[in-house]
Amino acid sequence: MRKLLIGAAMTMLVAMPLMAQAEEHGVMHLQSSDDIERVDQRLRGALEEKGLTLMTVVDHAANAEGAELTLPATRTFIFGNPKVGTPMMQCQGSMALDLPQKMVIREVDEGVRLEWNSPHYLAERHSLEECDLPLDKVAGVLESVASAAAGE
């Protein structure tokens, strides 16, 4: 019993900064010291491992270059699972603005930053309070995918 309580407390200590950040503005993040190609590769693998469909990757730096502008390597991965996203959109059609899910990887001075929307924040944004949705499970999957991509 004591080990269970200690484990629960440790989980809360780790999750609290992420939850507080999500309450602030809805953007979750992790940092990786690896290069963007390695993070990209691990993110693709983590999405596949979780059974999520990768729909496309937007290469913002390449798009900027095409407009004769510069931008550090920045990629948006668009992915999802219709079995999870569809009930959210059935609850509130405006969820289609934020689905499928996205995760950004971008080069920063410290390495590569991974960013994604908190599903709890999106539920608040789209007034999903009346719906019985597995938001904690979705949040856990997204955190797991980001952690794997970050190399944690």
Side-chain angles (χ1 to χ4, degrees), residues 10-128 131 133-152:
M10 293 300 289
T11 300
M12 287 304 293
L13 286 174
V14 170
M16 288 296 279
L18 289 175
M19 291 187 297
Q21 180 187 4
E23 289 175 17
E24 184 178 326
H25 53 73
V27 179
M28 310 298 286
H29 75 271
L30 284 177
Q31 197 74 25
S32 176
S33 59
D34 292 323
D35 65 70
I36 197 158
E37 296 306 327
R38 183 71 179 124
V39 173
D40 180 306
Q41 181 183 46
R42 285 195 303 248
L43 179 52
R44 290 171 191 268
L47 291 171
E48 185 175 332
E49 183 179 308
K50 293 290 183 184
L52 298 166
T53 301
L54 177 60
M55 293 157 195
T56 194
V57 178
V58 179
D59 186 336
H60 299 285
N63 292 337
E65 188 177 308
E68 298 181 5
L69 299 169
T70 61
L71 186 69
T74 303
R75 301 172 189 165
T76 299
F77 286 68
I78 302 172
F79 59 93
N81 178 341
K83 289 181 180 178
V84 176
T86 301
M88 292 179 173
M89 289 184 280
Q90 287 172 329
C91 176
Q92 181 58 263
S94 65
M95 274 298 295
L97 288 167
D98 290 309
L99 294 177
Q101 181 66 49
K102 295 154 206 74
M103 189 168 290
V104 172
I105 61 172
R106 59 188 177 98
E107 286 182 343
V108 295
D109 290 340
E110 302 80 24
V112 175
R113 184 176 173 101
L114 297 93
E115 297 167 308
W116 67 97
N117 289 315
S118 161
H120 293 96
Y121 179 83
L122 294 178
E124 181 180 321
R125 177 179 180 199
H126 295 280
S127 302
L128 303 181
C131 304
L133 299 169
L135 298 176
D136 290 336
K137 183 176 181 180
V138 173
V141 168
L142 292 171
E143 289 172 23
S144 174
V145 165
S147 291
E152 294 182 356

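All heavy atoms count here, side chains included; hydrogens, waters and symmetry mates do not.
- To the nearest 0.5 Å, the span separating NE2 on His25 from OG on Ser118 amounts to 10.5 Å.
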Inset, instruction - Go through the steps for His126 and Asp98 under the test side chain to side chain contact (heavy atoms under 4.5 Å, CB included), then give the verdict. - result: CA-CA 9 Å; His126 295 280; Asp98 290 309; 2.5 Å; yes
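- For the pair Glu115 and Arg113, the salt-bridge criterion is met [side-chain N within less than 4.0 Å of a carboxylate O].
- Residues Val84 and Gln101 are not in side-chain contact: their nearest non-hydrogen atoms beyond the backbone lie 4.5 Å or more apart.
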Legend entry - Worked check of side chain to side chain contact (heavy atoms under 4.5 Å, CB included) between His120 and Val138: CA-CA 9 Å; His120 293 96; Val138 173; over 6 Å; no
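- Side chains of Arg38 and Gln41: a donor on one and an acceptor on the other come within 3.5 Å.
- When all heavy atoms of Leu114 and Ala149 are compared, the pair lying nearest together is CD2-CB, 3.5 Å.
- The line from CE of Met89 to CD of Gln92 is 12.0 Å long, rounded to the nearest 0.5 Å.
- In terms of heavy-atom proximity, Trp116 sits nearest to Lys102 at CB-O, 3.6 Å.
- Residues Met28 and Asn117 fail the side-chain proximity criterion, which asks for heavy atoms closer than 4.5 Å.
- Side-chain contact check for Asp35 versus Val112: every heavy-atom pair is 4.5 Å or farther apart.
- A distance-only check finds a donor-acceptor pair linking the side chain of Ser147 to the backbone of Glu143 [under 3.5 Å].
- Atom CD in Glu49 sits 13.0 Å away from atom CZ in Arg42 (nearest 0.5 Å).
- Residues Met95 and Leu122 share a closest heavy-atom pair of SD-O, 4.1 Å.
- Put simply, CE on Met103 and OG1 on Thr76 are 11.0 Å apart, with the number rounded to the nearest 0.5 Å.
- To the nearest 0.5 angstrom, Phe79 atom CZ is 8.5 Å from Leu54 atom CG.
- Nearest heavy-atom pair across Leu142 and Pro119 is CD1-CD, 4.0 Å.
- Considering all non-hydrogen atoms of both residues, Asn81 and Lys83 come closest at OD1-N, 2.8 Å.
- The shortest side-chain heavy-atom distance between Phe77 and Asp40 falls under the 4.5 Å cut-off.
- Around the CD atom of Glu48, the shell of radius 6.0 Å holds no more than 12 heavy atoms that belong to other residues, nucleotides or ligands.
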Inset, instruction - Starting from the C-alpha separation in whole Å, work towards a yes-or-no answer on side chain to side chain contact (heavy atoms under 4.5 Å, CB included) for Val57 and Ile78. - result: CA-CA 6 Å; Val57 178; Ile78 302 172; over 6 Å; no
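- Under the 4.5 Å side-chain criterion, counting only non-hydrogen atoms from C-beta, Ser144 is in contact with Lys50.
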Inset, instruction - Report the C-alpha distance between Val141 and Leu52 in whole Å, list the side-chain angles of each, state the deciding distance to 0.1 Å, and finish with yes or no for side chain to side chain contact (heavy atoms under 4.5 Å, CB included). - result: CA-CA 10 Å; Val141 168; Leu52 298 166; 4.1 Å; yes
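- Under 4.0 Å is where a charged nitrogen must lie from a carboxylate oxygen, and between Arg75 and Glu37 at least one such pair does.
- With a 6.0 Å radius and a threshold of 12 heavy atoms from other residues, nucleotides or ligands, Glu152 has its CD atom above the threshold.
- Between Leu71 and Ala61, the shortest heavy-atom contact is O-CB, 3.5 Å.
- A donor-acceptor pair under 3.5 Å links the side-chain atoms of Ser32 to the main chain of Asp34, judged by distance alone.
- Going from atom CG of Asp136 over to atom CG of Leu133 covers 11.0 Å, rounded to the nearest 0.5 Å.
- Crowding of Glu124 atom CD: a count of heavy atoms from other residues, nucleotides or ligands under 6.0 Å not exceeding 12.
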